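Atoms within each ligand, like the ligands themselves, are counted from 1 in listed order. A quick note: this is a predicted structure, and the numbers were derived from the prediction, not measured.
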Amino acid sequence: MVNMMILIPFLLVGLFLILRFLFKTSLLLILLKKFQCLEDWLHVHQLYRVPQFNHLFQENELYVKVSTYLISLPSLEDSDFTNLFTGSKSNDILLHLDTDQTIRDVFLGAIVSWTLEKSENGGAKVLVLRLRKNDKRRILRPYLQHILSVASDICQRKKEIKLRMNVDIPSSGKNGRWRSVPFNHPASFDTLVMDVDLKNKVKADLEMFLKSKQFYQRLGRVWKRSYLLYGPSGTGKSSFVAAMARFLNFDVYDIDLSKVSDDSDLKMLLLQSTSKSMIVVEDLDRFLMEKSKNVSLRGILNFMDGIISCCGEERVMVFTMNSKDEVDEALLRPGRIDVHIQFPLCDFPCFKHLANNYLGVKEHKLFPQLEEIFQGGASLSPAEIGEIMISNRSSPTRALKSVISAMQTNAGAKSRRVSGDGAEDIGGGEQGGLFSREHSVRDFRKLYGLLKMGSRRKDEPLDLGSADKDGSN
Ligand SMILES: Nc1ncnc2c1ncn2[C@@H]1O[C@H](COP(=O)(O)OP(=O)(O)OP(=O)(O)O)[C@@H](O)[C@H]1O
Ligand SMILES: [Mg+2]
């Protein structure tokens with residue numbers, strides 16, 4: 001008994017020292033590996049080769065996707081050695097499999113391994129999948145599907161957005177009609193000054209669209225969503241397009257209708273665009289007002305319906321206009337335009353937001369005066385106010401005074417126009433009538449109040465702030 005009492009502490013200390021030794025020296029890891037090898041040896045395996053190139057020396061898409069998937073596996077970080085590369089951004093570090101390196105993966109409880117090998121005929125590589133024969137029927141197909149979906153998620157997240165612009169037929173040559181450049185527009189939903197609620201509703205609408213493939217398929221509809229952004233110049237429509245593209249991570253196809261030769265050319269352009277893209281037509285109202293144009297209204301309507309969409313879905317179409325008053329009703333009907341978003345001139349809350357962003361000023365003694373002027377009906381666009389603030393950003397007081405004088409000048413000019421012919425003049429332009437201060441305040445209220453997605457009829461367009469034609473709403 002006494003012997004046992006002495007022996008037990010010795011045994012415990014001994015066990016502790018052995019375990020500590022195993023951990024410190026990685027002997028435990030070596031033993032585990034030996035055990036895994038033994039276990040592997042007891043099973044029959046099947047091998048699948050994924051070569052880098054096909055017999056025509058075209059890159060094998062599956063090879064690219066599997067490589068992308070393997071790079072994302074935590075077991076790559078844990079392997080004994082691996083290659084490190086910088087990524088497309090300077091502070092990115094990427095891990096890559098080395099030749100003859102093997103990494104393990106677990107899927108639905110089955111252990112599989114991948115080895116990168118050199119193919120027999122030279123430099124090309126082959127990825128070899130090894131799995132137990134017992135697991136083959138159960139996991140092979142779902143595992144490959146899983147790899148494809150993870151890889152496409154990763155690609156989508158990492159993708160650099162491209163801006164594609166159509167060139168006219170004589171200069172298109174054999175490179176097709178689209179020229180692309182990296183899309184680096186800095187605008188995002190965070191930098192845009194507009195109602196937070198409205199922004200969130202647009203984001204939710206876009207997110208819902210992305211998840212609705214089955215829904216559109218079941219209804220037999222083309223999987224697309226069309227937005228109309230309308231409002232005076234300088235209210236942020238183009239910036240909003242950029243924010244949407246960044247949010248969706250979609251390429252932007254910016255169609256210049258003046259470079260389209262006829263209706264069928266417009267169809268061709270749509271056919272040559274890819275899925276997961278945004279098709280943008282800016283200033284559509286101005287184009288439609290032009291007397292001689294190559295594309296007919298019917299051509300534009302068909303294009304908006306996406307009836308010729310053969311080779312890609314999941315498209316967001318965006319049209320911008322200064323005003324939708326003169327535009328043919330058929331163009332705006334539900335289904336052609338799903339969501340209408342109005343961009344009003346700057347009111348006092350918008351001005352305060354800009355002052356905070358551009359000048360870092362939250363409160364100022366000139367604010368009460370500015371509020372009064374805003375309520376009096378003078379109005380400038382966010383672009384105009386932003387410009388004044390940028391050029392006077394070294395002195396916030398001077399910037400605010402400049403805004404006051406610009407607004408007073410603007411209001412004076414407007415009242416002179418009104419008294420000139422007895423009616424409010426919208427002729428100067430794009431910023432008249434509908435977008436007068438009075439309307440814009442009312443429209444703004446509707447903008448934030450009207451959006452009741454759930455309660456609207458299925459085929460009604462979503463109107464984020466349009467004034468009803470009879471003004472009754
Ligand atoms: N709501 C806004 N919030 C922040 N900045 C804005 C906003 N609206 C306009 N701006 C600024 O004004 C400039 C012009 O905006 P933008 O080009 O998006 O206007 P637009 O409505 O497309 O005008 P146009 O009808 O003339 O094409 C941009 O530099 C943008 O940063
Ligand atoms: Mg614009």
Side-chain angles (χ1 to χ4, degrees), residues 163 165 183-203 227-247 252-258 278-290 316-327 339-361 374 379-393 399 402-403 406-407 410 426 428-435 437 440-441 443-444 447-448 464-466:
L163 170 65
M165 294 157 290
F183 186 70
N184 294 325
H185 199 299
S188 70
F189 282 126
D190 294 331
T191 61
L192 269 171
V193 177
M194 59 191 291
D195 179 69
V196 178
D197 213 25
L198 175 63
K199 264 191 237 182
N200 289 339
K201 278 166 180 163
V202 174
K203 283 194 221 169
Y227 295 79
L228 172 67
L229 317 183
Y230 68 99
S233 188
T235 48
K237 299 180 296 296
S238 301
S239 312
F240 195 83
V241 171
M244 286 171 93
R246 283 182 59 175
F247 181 77
V252 176
Y253 287 84
D254 186 4
I255 297 193
D256 181 348
L257 287 172
S258 67
M278 267 175 72
I279 314 279
V280 179
V281 180
E282 291 249 43
D283 301 318
L284 184 57
D285 53 340
R286 274 189 225 174
F287 176 79
L288 292 170
M289 271 189 275
E290 278 171 21
V316 169
M317 289 187 157
V318 185
F319 304 91
T320 73
M321 292 181 191
N322 281 156
S323 161
K324 56 179 184 173
D325 277 3
E326 304 297 322
V327 173
V339 184
H340 295 225
I341 307 176
Q342 189 188 24
F343 287 73
L345 293 170
C346 207
D347 66 354
F348 186 61
C350 157
F351 160 80
K352 276 181 75 176
H353 205 140
L354 289 172
N356 187 24
N357 285 1
Y358 285 74
L359 307 170
V361 172
F374 271 108
S379 48
L380 295 175
S381 67
E384 288 166 317
I385 293 181
E387 280 310 309
I388 295 172
M389 287 178 174
I390 287 175
S391 45
N392 293 289
R393 66 183 182 280
S402 305
V403 173
M407 287 179 60
N410 182 293
I426 59 168
E430 303 128 27
Q431 298 188 10
L434 177 67
F435 303 107
R437 182 75 205 145
S440 103
V441 170
D443 293 346
F444 228 138
L447 186 72
Y448 307 141
L464 308 192
S466 66

Backbone N/O of [Y] and side chain of [X]: donor-acceptor pair under 3.5 Å:
X      : Y      : value
Asp285 : Ser323 : yes
Arg246 : His185 : yes
Glu387 : Glu384 : no
Ser188 : Ala243 : no
Lys237 : Gly231 : yes

Quiz item: Taking the inter-plane angle between the rings of Phe240 and Phe189 on a 0 to 90° scale, is it parallel (under 30°), tilted (30 to 60°) or perpendicular (over 60°)?
Solution: perpendicular
Output block, N or O contacts of ligand 1, threshold 3.5 Å exclusive:
residue, atom, partner, partner atom, Å
ligand 1, 1 (N), Val193, O, 2.9
ligand 1, 3 (N), Val193, N, 2.8
ligand 1, 8 (N), Thr235, O, 3.3
ligand 1, 8 (N), Gly236, N, 3.1
ligand 1, 18 (O), Ser238, N, 3.3
ligand 1, 18 (O), Ser239, N, 2.9
ligand 1, 18 (O), Ser239, OG, 2.6
ligand 1, 19 (O), Gly236, N, 3.3
ligand 1, 21 (O), Thr235, N, 3.2
ligand 1, 21 (O), Gly236, N, 3.1
ligand 1, 21 (O), Lys237, N, 2.9
ligand 1, 21 (O), Lys237, NZ, 2.8
ligand 1, 22 (O), Ser238, N, 2.9
ligand 1, 22 (O), Ser238, OG, 2.8
ligand 1, 23 (O), Gly234, N, 2.8
ligand 1, 25 (O), Lys237, NZ, 2.8
ligand 1, 25 (O), Asn322, ND2, 3.4
ligand 1, 26 (O), Ser233, OG, 2.5

Quiz prompt | Side-chain heavy atoms of Pro382 within contact of Val193, under 4.5 Å | solution = no
Quiz prompt | Check against side chain to side chain contact (heavy atoms under 4.5 Å, CB included), Leu380 and Cys346 | solution = CA-CA 6 Å; Leu380 295 175; Cys346 207; 5.6 Å; no
Practice problem: Decide side chain to side chain contact (heavy atoms under 4.5 Å, CB included) for Thr320 and Asp283; before the verdict, give the C-alpha distance in whole Å, the side-chain angles of both, and the deciding distance to 0.1 Å. | Solution: CA-CA 5 Å; Thr320 73; Asp283 301 318; 4.2 Å; yes
Quiz prompt | Number of protein N/O/S atoms that sit closer than 2.8 Å to the Mg ion (ligand 2) | solution = 1
